[in-house]
2 protein chains.
Amino acid sequence: MPRAAAALAAPPDSRARVFAAAAAEFAARGYAGANVDRIARAARVNKAMIYYHYKSKAALYRAILRDMFDAVGTRVRAVAAAPLAPEEKIRGFVDAIAAEGEARPHFPPIWLREIAEGGAHVDQATLEYIRHVLQTLGGILREGQRAGRFHPANPLLIHAGIVAPLMLFLATASLRRKLGRGVPEITRDAVVTHIQRITLAVLEGRIA
Amino acid sequence: MPRAAAALAAPPDSRARVFAAAAAEFAARGYAGANVDRIARAARVNKAMIYYHYKSKAALYRAILRDMFDAVGTRVRAVAAAPLAPEEKIRGFVDAIAAEGEARPHFPPIWLREIAEGGAHVDQATLEYIRHVLQTLGGILREGQRAGRFHPANPLLIHAGIVAPLMLFLATASLRRKLGRGVPEITRDAVVTHIQRITLAVLEGRIA
DNA sequence: GTCTATAAATAGATAGAC
DNA sequence: GTCTATCTATTTATAGAC
């Protein structure tokens, strides 16, 4: 989905505008709550155009899902392939997830919802992309273990410890505003650094 | 909502059955995806009964939200009020969230979805309950700081570090099955212990 | 590629009998 | 408290003209 992905910034053609508008709509209201008319309006296209470009609302949604996880997978693999120490790769992994979550604001909310419904809309291709991310992290962990710098650890647990708080933070900007005063401020960098430190502390066995 | 809450196990009256069926439906499909006819069928009541007991689909959903956060708030305050060392209270806090997430299987998915839509359905009462949970954690942190055992920390960050991975773990049981082989197993207790350790390590400044 | 008009199904909500 | 029947609005999707 390179065309759609590249178009997130300033959608030139109607297909890319549909993609971008749909991503925002699905993020804000979920698959069931999303409305094709509203997507059309936001994309400044006629509703029929949506069905010209995509087979159905479901197919459009799945395209967005695939694009999301494909992008994270790619970014994360780049980190794993770079000539870096395992510790740096872990930091890079955290950064990659955060960067992707920020590059695509629809990513965190959609991700949370997919978790909530047990990946109901996740097709085989997307499932592969998700596996890739997990396997990439697993590879970094094994590399660190072979180098004698990481203790053995469950990749799933490490992954959850990284991704969950990140997505939560990125997705709760508006909710935090709603909670208002009494809830202390917090910055993106603080969160990323915090997660990097914790993850490395766990991997290096510095946590009793 | 004590009546509805107590009825989660074996719903005796129709109102409680509606409540329980609706909780499951909203958890599985989200607010927009939930279907009142389906709720009626699952609750073994006539659809009109739902509107007899609750003003609308939205009101029914809000009642479930309130019940959830009220319950966590209560359980968490009990931990904070107990005569325990701050460290034990933190462990208890983690346990309380996990226990509540397990006692109400609809809790984790609904929680994730509410985060995703920025608390769109959260009314004032529910907002209060959520604040209570945050404030309770804040109280435990201050107590530990006064006792010289905890370093200063952002309650929101600590809270996210606890709740996010827990909810994620509890909500991903089915998705983990879908990912299938290649994804290592993981137990509830391992997750809880892991989160307790990490949180305490952070609070005690054992993480560089 | 783009638009109008509309088909067809779904779903929230209620009136009114019992 | 419970049920039948139905109204009404919404919404996905498409046929067909340009």
Side-chain angles (χ1 to χ4, degrees), chain A residues 1-4 6-7 10-65 106 110 113-114 117 120-121 123, chain B residues 1-4 6-7 10-65 106 110 113-114 117 120-121 123:
Chain A
M1 236 101 279
R3 202 156 26 127
D13 56 279
S14 70
R15 183 185 169 94
R17 286 207 307 277
V18 167
F19 186 96
E25 173 78 1
F26 286 128
R29 301 172 190 262
Y31 175 74
N35 181 299
V36 178
D37 282 280
R38 204 155 31 213
I39 294 173
R41 231 175 303 134
R44 303 194 317 280
V45 304
N46 188 280
K47 177 164 61 162
M49 279 305 291
I50 294 182
Y51 292 96
Y52 172 75
H53 286 305
Y54 296 93
K55 191 177 161 293
S56 64
K57 178 184 173 181
L60 172 54
Y61 182 72
R62 282 194 301 268
I64 291 167
L65 266 196
H106 61 274
I110 291 182
R113 286 186 214 263
E114 274 309 311
E117 44 206 276
H121 307 273
D123 59 23
Chain B
M1 237 96 280
R3 204 156 25 125
D13 56 278
S14 71
R15 184 185 167 92
R17 286 207 307 278
V18 167
F19 186 96
E25 172 79 1
F26 287 129
R29 302 170 188 263
Y31 175 74
N35 179 299
V36 178
D37 283 278
R38 205 156 30 213
I39 293 173
R41 234 174 301 134
R44 303 194 316 281
V45 303
N46 189 283
K47 178 164 65 161
M49 280 304 292
I50 293 182
Y51 292 96
Y52 172 74
H53 286 306
Y54 296 92
K55 192 176 159 291
S56 64
K57 177 185 175 182
L60 172 54
Y61 181 72
R62 282 195 300 268
I64 291 167
L65 266 196
H106 59 274
I110 290 181
R113 287 184 211 267
E114 274 310 311
E117 45 208 276
H121 307 273
D123 58 24

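Within every chain, numbering begins at 1; the chains are lettered A, B, ... in the order of the sequence lines, protein sequences first and strands thereafter.
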Could you check how far [atom1] of [X] sits from [atom2] of [N], rounded to whole Å?
| X | N | atom1 | atom2 | value |
| --- | --- | --- | --- | --- |
| Arg17(A) | dT2(C) | CZ | P | 8 Å |
| Arg41(B) | dC3(D) | CZ | P | 15 Å |
| Tyr52(A) | dG16(D) | OH | C1' | 15 Å |
| Tyr54(B) | dG12(C) | OH | P | 16 Å |
| Ile50(A) | dG1(C) | CD1 | C1' | 14 Å |
| His53(A) | dC3(C) | NE2 | C1' | 13 Å |

Fill in: Phosphate-side-chain proximity, Ser14(A) and dT2(C), N/O vs OP1/OP2 below 4.0 Å
yes
Practice prompt. Could you tell me whether the phosphate oxygens of dA13(D), OP1 or OP2, come under 4.0 Å of any side-chain nitrogen or oxygen in Tyr51(A)?
Written response: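 Affirmative; the distance criterion is met.
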Discussion item. At 4.0 Å (heavy atoms only), tell me whether Ala58(B) reaches a base, stays on the sugar-phosphate, or touches nothing.
Written reply: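 Nothing, no nucleic acid heavy atom in range.
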Item to complete: For Ala32(B), report the nucleic acid contact type (base, sugar-phosphate, nothing); a contact means any heavy atom under 4.0 Å.
Response: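 Result for Ala32(B) = nothing.
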Closest approach to the side chain of [X], judged atom by atom: which nucleotide of [options] is it?
| X | options | value |
| --- | --- | --- |
| Asn46(A) | dT4(C), dT11(D), dT4(D) | dT4(C) |
| Ala48(B) | dA13(D), dC3(D), dT2(C) | dC3(D) |
| Asp37(A) | dA15(D), dA13(D), dT12(D) | dT12(D) |
| Asn35(A) | dG1(C), dT4(D), dT12(D) | dT12(D) |

Worksheet item: Of Ile39(A), Leu60(A), Val36(A), Ile64(A), which is the lone residue that meets side chain to side chain contact (heavy atoms under 4.5 Å, CB included) with Glu25(A)?
Response: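 Considering Ile39(A), Leu60(A), Val36(A), Ile64(A), a side chain to side chain contact (heavy atoms under 4.5 Å, CB included) with Glu25(A) is found only for Ile39(A).
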Worksheet entry | Residue pair Ser14(B) / His53(B): nearest heavy atoms and the distance that separates them |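 Smallest heavy-atom distance, with atoms named: OG-NE2, 2.8 Å.
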Worksheet item: Where the side chain of Arg113(B) meets the backbone of Ala27(B), is there a donor-acceptor pair that is under 3.5 Å apart?
Response: yes
Discussion item. Quick check on DNA chain C: between Met49(A) and Arg38(B), whose nearest nucleotide comes earlier from the 5' end?
Written reply: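 On the 5' side of the pair lies Met49(A).
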Discussion item. Here's a test of your reading of the structure: between Lys57(A) and Lys47(B), which maps to the more 5' nucleotide of DNA chain D?
Written reply: Lys47(B)
Worksheet item: Considering residues at least two apart in sequence or located in another chain, which fulfil the salt bridge (Lys or Arg N to Asp or Glu O under 4.0 Å) criterion with Lys57(A)?
Response: none
Worksheet entry | Test salt bridge (Lys or Arg N to Asp or Glu O under 4.0 Å) applied to Arg41(B) - qualifying residues, sequence neighbours left out |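 Applying salt bridge (Lys or Arg N to Asp or Glu O under 4.0 Å) to Arg41(B) gives none.
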